[in-house]
Amino acid sequence: MELKPFYPVSDKAKAHSYLSEHDYKQMYQQSIERPDEFWAEQANTFIDWYQPWEQVSKVDYHQAQIQWFAGAKLNVSYNCIDRHLPERASQTAIIFEGDEPGNSHHVSYQELSDQVNKFANVLKSRGVKKGDRVCIYMPMIVEVGYAMLACARIGAVHSVVFGGFSTESIKTRILDADCQVVITADQGMRGGKVIPLKDNVDAAVADCPNVHSVIVVERTGADVNWNPAIDVHYEQAMAQADSFCEPEIMDAEDPLFILYTSGSTGKPKGVLHTCGGYILYASMTHKYVFDYRDGEIYWCTADAGWITGHSYIFYGPLANGATTLVFEGVPTYPDASRFWQVIEEHKVNVFYTAPTAIRALMGLGDELVNKQDLSSLRLLGTVGEPINPEAWHWYYEVVGKNNCPIVDTWWQTETGGVLITTLPGSSGMKPGAAGLPFFGIKPAILDADGNELEGECRGRLVLTGSWPGQMRTVYGDQQRFYETYFSQYPGYYFAGDGAKRDKDGYYWIIGRIDDVLNVSGHRLGTAEIESALVLHPKVSEAAVVGYPHDIKGQGVYAYVTLMKGEQGDAGLDSELKDLVAKELGSFSKPDLLQWSPSLPKTRSGKIMRRILRKIAENELDNLGDTSTLADPGAVDELIENRLIR
Ligand code: PRX
């Protein structure tokens, strides 16, 4: 396979009459020079408003105050459903593909409307009002979408918690947002395995005294524990619910949802998105980045528990009247050709997945791909982490047969939608580069002192100016919002990523420069994993770093110091890994755990993570200055016992 550094727009792509390079540049220019005019025009094109805004944008990064379309009125569920009904009532809104092949069905826009309206009435009957927070802990079934849209319809603020999270994680999120209602399922099914969702919720809400209702969708029909005081049978409640619920008229700046994400310190942050700006940005980016065309089948393989699932399985596609595929399973069940089978079966046109999945499947050979008919594919996308050029080429050549542009989309939970990517057909692609900024987005690269660098450069990626999909605050902690994103480099939004810009203005994301890991596209805070490890009575201290991992991108490497007199062995190794899985979910489990009698620290007691990272990566030539360490001998011992050589 020849690894070319640049792929110009192909003739085949041109035949799809994508936005031309000239039009992209012109539109980009307009969006930067006259942003308010540009965004007002987009807002009128993409969204139906009950009432127009008083001011397009009002942004002050020095105070971390961000407003878009203030004073305008809309309802997000109306935009995702009702306004499509005159033309699309019988069109498929959602294709559900279950964990087991053969378990698949279509949901039309009319059906979506009926279900969401009823669900909204069920929530109302449990006392949920505008502004109340509702926790959603669900498998990837259509009801997760109904639940989100039902909240949006009545103005409740949803907080979706990924179904892979553990009891502890659910509990902290319920308590942080003071959710009083939880929506879940009896069990989930993923890759043939049962996930005890209701049991996990039961254990979590035992410590959440304000939760008065747990609405339980039947997925497997298993006999689960039932607490009649708070548990509500979803199907029974829906059967009694009225099939119309008037959408709540919301201000553009009213909250739409909270989604928790890990940071470098402390507990996860509740990223808050609001109605108007978010739905405009999700729908507009969905339209342009994937060049979505009416009637196409669009599939994003993310989970609803992450921002990608929010913006690009549900909100963006549904606002655009698209057909979106919801997949319950995993790429390797019942076998590793599952993705390709689903594409063939449902004639998927646009396919959006993560580099980690591509790497895992690529290692299993081309035959699994080649035996399926993938001729429906028009466009491919990736998200979540940098894609290595080998995986990019395999995706392009073997999956896309050299015919499908790839959009490598850089963005974050905080940004609501894609900020950097090459728009399909408009600009050539460079494997490994996210590419060029989306309309209205002004990235910059700063040096360590905060000076803006020009031309080709490498440093910290920041954004100057705002965009409608930007988060508005950390739920309940405006100070943390300011400190995390706006305090290091005043006047900029600091994304936490390192990046370089090449001579053509393409951005290449290098990775996080804070203590956040990106494991299989999941964002993990090292501090959270360390806190979980030290819960064990035999552990006195722990330090967690990332190391390069062939499939996951990064793996979790934990250095553990035991209490005096304790001995590390295989039993304790797996006990500690299981403890992390129990506290945070199995995707946070350390891959490697090294017993470390002492950790390298500065004289002021700060753990030298830079050195720990190098040892974990087996990069010993370049350990840097160890002279400031309190105990330089600690390093030799760690090197001696390192796990990767
Ligand atoms: O480090 C970047 C990486 O994922 C981080 C954001 O994680 P999260 O909020 O969980 O959202 C993931 C899905 C949008 C970023 O700070 N990241 C995301 N997309 C890319 C990426 N790194 C490189 N290339 C990408 N395309």
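Because the structure is a prediction, the values reported are computed rather than measured. Residues take their numbers from the sequence shown, with the count starting at 1. Start at 1 and go down the list; that is how both ligands and their atoms are numbered.
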Ligand 1: protein N/O within less than 3.5 Å of ligand N/O:
from, atom 1, to, atom 2, distance (Å)
ligand 1, 1 (O), Asp497, OD1, 2.6
ligand 1, 1 (O), Asp497, OD2, 3.2
ligand 1, 4 (O), Gly384, O, 3.3
ligand 1, 9 (O), Thr413, N, 2.8
ligand 1, 9 (O), Thr413, OG1, 2.6
ligand 1, 9 (O), Arg523, NH1, 2.7
ligand 1, 16 (O), Gln412, NE2, 2.9
ligand 1, 16 (O), Asp497, OD1, 3.3
ligand 1, 16 (O), Asp497, OD2, 2.7
ligand 1, 16 (O), Arg512, NH1, 2.9
ligand 1, 17 (N), Gly384, O, 3.3
ligand 1, 19 (N), Gly384, N, 3.1
ligand 1, 19 (N), Thr409, O, 3.4
ligand 1, 24 (N), Glu385, O, 3.3
ligand 1, 26 (N), Asp408, OD1, 2.7
ligand 1, 26 (N), Thr409, O, 2.7

Quiz item: Are the aromatic rings of Phe438 and Tyr28 close, with centres under 6.0 Å apart?
Solution: no
Quiz item: With ring centroids as reference points, do Tyr482 and His62 lie under 6.0 angstrom apart?
Solution: no
Quiz item: Is the centre of the Tyr492 ring less than 6.0 Å from the centre of the Tyr61 ring?
Solution: no
Exercise. Check each of Thr421, Thr382, Thr415, Asp497 against Trp410 using the side-chain hydrogen bond (donor to acceptor under 3.5 Å, both in side chains) test, and report the only one that passes.
Key: Asp497
Quiz item: Pick from Tyr298, Phe351, Trp411, Tyr292: which one makes a ring-ring contact (aromatic ring centres under 6.0 Å, His included) with Tyr312?
Solution: Trp411
Quiz prompt | Ring-face cation of Arg338 near Tyr333 (centre distance under 6.0 Å, axis angle within 45°) | solution = no
